[in-house]
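Heavy atoms only: backbone and side chains are in, while hydrogens, waters and symmetry mates are out. This is a predicted model, so every value here is computed, not measured.
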Amino acid sequence: WEQGLVKIAILSRRARLYSTQRLVEAAKVRGHEVEVIDTLRCYMNIASHKPSIHYKGRQLEGFDAVIPRIGASITSYGLAVLRQFELVRTLPLNGSYGIMRSRDKLRSMQVLARRGIPLPITAFSNSSSSIDDMINMVGGAPLVVKVLEGTQGIGVILCETKASARSVIEGFLGVNVNILVQEFIQEAKGSDIRCLVVGGKVVAAIERKGSPEEFRANLHRGGTGKKVKLTKQEREIAVASAKAL
């Protein structure tokens with residue numbers, strides 16, 4: 001640390017992923033030592049006197065920092081591995097608590113609401129008897145139904161009428177799938193802004209826009225992205241949100 005050079009572990013299932021490769025390249029350009037570690041091949045010795053992490057038959061030691069690239073499908077085990085790195089005093093780029101909060105749509109919105117950060121009106125229930133009241137809570141149709149565990153726009157449905165909203169919500173609750181019912185922000189016109197916050201500052205921002213027939217802005221759904229300059233209010237919301245989570 002004193003010389004500015006560190007040994008970095010990158011938790012990633014696939015070393016050839018573009019984002020993983022770029023992290024490796026950026027670290028090496030700066031003279032750091034870096035190793036990509038397959039998260040699911042890590043195993044742990046959980047002991048109060050000498051906790052350790054093992055990988056492919058050897059103990060992982062001497063890492064100064066860990067960059068978690070944990071996919072949504074392995075969140076539970078990935079967070080266990082990251083917590084073990086934290087236990088052996090390896091500095092995480094993103095801590096396990098932050099990732100855990102962010103992966104849970106309901107929990108993340110409750111955290112943001114507690115900090116007074118503006119959000120779309122959102123309803124949550126486990127009972128089909130509350131469907132009509134939930135629809136009214138969010139201002140009626142059109143509205144959005146979101147599966148709690150969905151990523152990349154999967155499980156996000158626009159219901160344009162009250163009848164279709166009731167049918168979709170009944171269907172999900174009927175098979176015990178947890179969902180959020182959310183106000184539809186019509187003026188967004190199928191676009192949103194994603195920001196990268198590092199060290200309390202927005203270092204990059206992209207505006208994503210859905211294809212003409214698509215209300216979801218996800219690039220995985222055929223959306224497009226362009227660099228965008230944020231307003232002061234947008235920067236403040238992004239920084240406050242990252243800090244809260």
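- Val197 is not connected to Ile206 by any chain of hydrophobic side-chain contacts under 4.5 Å among Ile, Leu, Val, Met, Phe, Trp and Tyr, and they are in different clusters.
- Partners of Leu230 according to the side-chain contact (heavy atoms from CB on, under 4.5 Å) rule, which considers only residues two or more places apart in sequence or in another chain, are Ile193, Cys195, Val202, Ala205, Val228, Glu234, Arg235.
- Counting only distance, with no hydrogens or angles, the side chain of Arg30 and the backbone of Ala26 share a donor-acceptor pair below 3.5 Å.
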- request: Apply salt bridge (charged side-chain N to carboxylate O under 4.0 Å, His left out) to Glu25 and Arg22, showing your working.
  value: CA-CA 5 Å; Glu25 291 167 9; Arg22 286 293 296 117; 3.0 Å; yes
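- Asp192 and Arg208 are joined by a salt bridge, as a carboxylate oxygen and a charged side-chain nitrogen come within less than 4.0 angstrom of each other.
- To the nearest 0.5 Å, atom CZ of residue Phe184 and atom CD1 of residue Ile121 are 14.0 Å apart.
- Residue Ile74 is not grouped with residue Val36 when hydrophobic side chains (ILVMFWY) are merged at heavy-atom distances under 4.5 angstrom, including chains of intermediate members.
- Distance NZ/Lys162 to CG/Leu143: 10.5 Å, rounded to 0.5 Å.
- Between atom OG of residue Ser12 and atom CD1 of residue Ile37 there is a gap of 10.5 Å, rounded to the nearest 0.5 Å.
- By the rule that hydrophobic residues join a cluster once side-chain heavy atoms approach within less than 4.5 Å of another member, Val88 and Leu91 end up as members of separate clusters.
- For Gln21, there are no side chain to side chain donor-acceptor pair (under 3.5 Å) partners two or more places apart in sequence or in a different chain.
- Residues forming a ring pair (Phe, Tyr, Trp, His ring centres under 6.0 Å) with His54 (at least two apart in sequence, or on another chain): Tyr43.
- Separation of atoms CG (Leu112) and CG (Leu245) is listed at 5.0 Å; rounding is to 0.5 Å.
- Every residue two or more places apart in sequence or in another chain that forms a side chain to side chain donor-acceptor pair (under 3.5 Å) with Thr161 is listed here: Ser164.
- Identified under the ring-ring contact (aromatic ring centres under 6.0 Å, His included) test for residues 76-129, with sequence neighbours left out: none.
- Among residues two or more places apart in sequence or in another chain, the side chain to side chain donor-acceptor pair (under 3.5 Å) test is passed with Arg69 by Ser19.
- Residues passing the side-chain contact (heavy atoms from CB on, under 4.5 Å) test with Ser127, sequence neighbours excluded: Ser125, Ser129, Ser130.
- Not a single donor-acceptor pair under 3.5 Å links the side chain of Ser167 to the backbone N or O of Ala163.
- Follow the hydrophobic side-chain contacts under 4.5 Å out from Ile135 and you reach Phe172 in the same cluster.
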message: Please evaluate residues Arg58 and Glu35 with respect to the criterion salt bridge (charged side-chain N to carboxylate O under 4.0 Å, His left out), reporting the C-alpha separation (whole Å), side-chain torsions for both, the decisive distance (0.1 Å), and the verdict.
response: CA-CA 14 Å; Arg58 64 186 173 93; Glu35 181 179 354; 2.3 Å; yes
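- Among residue pairs with one or both ends in residues 74-95, none qualify as salt bridge (charged side-chain N to carboxylate O under 4.0 Å, His left out); sequence neighbours excluded.
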- request: Please test Arg107 against Met100 for side chain to side chain contact (heavy atoms under 4.5 Å, CB included), starting from the C-alpha separation and ending with a verdict.
  value: CA-CA 9 Å; Arg107 185 174 183 181; Met100 183 169 59; 3.5 Å; yes
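- A donor-acceptor pair under 3.5 Å links the side-chain atoms of Ser241 to the main chain of Ile237, judged by distance alone.
- Qualifying side-chain contact (heavy atoms from CB on, under 4.5 Å) partners for Ser48, counting only residues two or more places apart in sequence or in other chains: none.
- Each salt bridge (charged side-chain N to carboxylate O under 4.0 Å, His left out) pair with one or both residues in residues 164-175, not counting sequence neighbours, appears once here: Asp132-Arg166.
- Under the side chain to side chain donor-acceptor pair (under 3.5 Å) criterion, Gln84 pairs with no residue at all, not counting sequence neighbours.
- Note that CD1 of Ile169 and CG of Leu180 are 11.0 Å apart. Values are rounded to the nearest 0.5 Å.
- Hydrophobic clustering of Ile, Leu, Val, Met, Phe, Trp and Tyr side chains at less than 4.5 Å, counting indirect connections, keeps Ile67 apart from Leu82.
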message: The test is side chain to side chain contact (heavy atoms under 4.5 Å, CB included); show your working for Leu87 and Met44 and say whether it passes.
response: CA-CA 11 Å; Leu87 191 60; Met44 297 155 275; over 6 Å; no
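- A distance of 8.0 Å separates CD of Gln110 from CG of Asp104, quoted to the nearest 0.5 Å.
- In this view, Glu33 satisfies the salt bridge (Lys or Arg N to Asp or Glu O under 4.0 Å) rule with no residue, not counting sequence neighbours.
- In this structure, the side chains of Asn126 and Asn178 come closer than 4.5 Å at one or more pairs of heavy atoms.
- The only member of Gln182, Lys105, Glu183 that meets side chain to side chain donor-acceptor pair (under 3.5 Å) when paired with Thr122 is Gln182.
- Within 6.0 Å of atom CD in Gln233, 12 or fewer heavy atoms from other residues, nucleotides or ligands are found, so the atom counts as exposed in its surroundings.
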